Amino acid sequence: MTEIATRFAPSPTGRLHLGHAWSALCAHDFATARGGHFLLRIEDIDPGRARPEHVSGIIEDLLWLGLDWEGEIVFQSERTALYAMALEDLKRRGLAYPCFCTRKDIAASASAPHGPDGPVYPGTCRSLDPETRMRRMAAEPHCWRLAMAPAIDEAGPLLWIDGDGAAHPASPAAHGDVVLARKDAPVSYHLAVTIDDAAQAISHVVRGRDLLEATHVHRLLQALLDLPTPVYIHHPLLGTASGERLAKRNGAPAIADLRAGGTDAAALVEAMRAGRFPDDYRML
Ligand code: GLU
């Protein structure tokens with residue numbers, strides 16, 4: 001039987017709030033209740049937003065909560081060579097192409113339909129001729145996109161399995177040609193997460209329902225890169241009493257503030273385990 005392993009994979013772009021603590025707790029308890037391993041991965045691929053002080057803040061907060069992880073912390077910023085290899089492979093197979101469009105170009109495109117994560121890329125750069133591509137690559141910033149239709153054709157029908165053992169058809173098409181490597185970062189969230197969950201031998205990805213749609217894309221990338229597929233468990237998100245999702249902008253309490261305010265960490269974690277949250281926050 002494969003060993004159970006889960007992970008918490010925060011992006012160090014701010015301090016952890018109660019919603020993050022809940023997510024870390026779900027992943028931690030899933031593993032420890034089954035004699036498995038709980039791992040920590042810092043998703044610091046965004047050079048503009050990731051900050052070292054937030055990394056130390058995350059570590060402090062998790063230790064304060066008693067959510068210890070096993071082994072070395074994995075930093076995505078140290079793994080860019082691996083991501084580049086996977087991207088090269090997809091390029092060689094004609095499944096990735098450079099895109100020169102700006103966010104504004106995409107938003108302005110009359111044909112851009114909306115997908116699970118916002119406007120879907122309308123495909124402007126998909127069929128540029130090789131010469132134009134080469135010329136523009138030498139002169140213009142560009143990201144790399146997955147050629148979604150041929151990728152789906154190549155992978156064939158795919159399923160992902162949830163925590164109850166139910167199989168769900170993977171349907172990544174609605175995401176369009178997702179980004180694999182950004183203009184300003186060597187890799188995208190989708191590609192890095194897929195590669196790292198496999199590299200860390202994650203058996204169960206336990207993460208919030210807000211990432212359910214991304215699972216369809218990750219399942220496709222696993223098939224294309226010949227990576228194993230974990231079970232996916234999407235836990236309910238924490239929200240305010242009026243049903244708004246917890247976020248920093250609606251005053252979600254930072255773990256550091258709870259600590260500074262004298263909260264008892266063990267009592268907080270036990271209450272969350274029992275489904276009780278401070279300040280009328282609740283599961284949505
Ligand atoms: N780094 C992502 C975030 O902070 C989570 C990635 C994941 O769990 O797949 O939202």
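Heavy-atom basis, side chains included; hydrogens, waters and symmetry copies ignored. All ligand and atom numbering here is 1-based and tracks the order in the structure. This one's a predicted model, so the numbers in the text were calculated from it and none came from an experiment.
Ion pairing of E43 with R41 is present here, as a side-chain N (NZ or NE/NH1/NH2) and a carboxylate O approach within less than 4.0 Å. In this structure, R93 pairs ionically with E154, as a charged nitrogen and a carboxylate oxygen lie closer than 4.0 Å.
Checked against a 6.0 Å centroid threshold, the rings of H17 and Y281 do not count as neighbours.
With hydrophobic clusters built from ILVMFWY side chains whose heavy atoms lie under 4.5 angstrom apart, F38 shares a cluster with I73.
For ligand 1, the protein residues within 4.0 angstrom (heavy atoms only) are R7, A9, P10, S11, E43, Y189, R207, L211.
Looking only at side-chain heavy atoms (C-beta outward), L65 and V269 come within less than 4.5 Å of each other.
The number of heavy atoms from other shown groups lying within 6.0 Å of CD (E140) is above 12.
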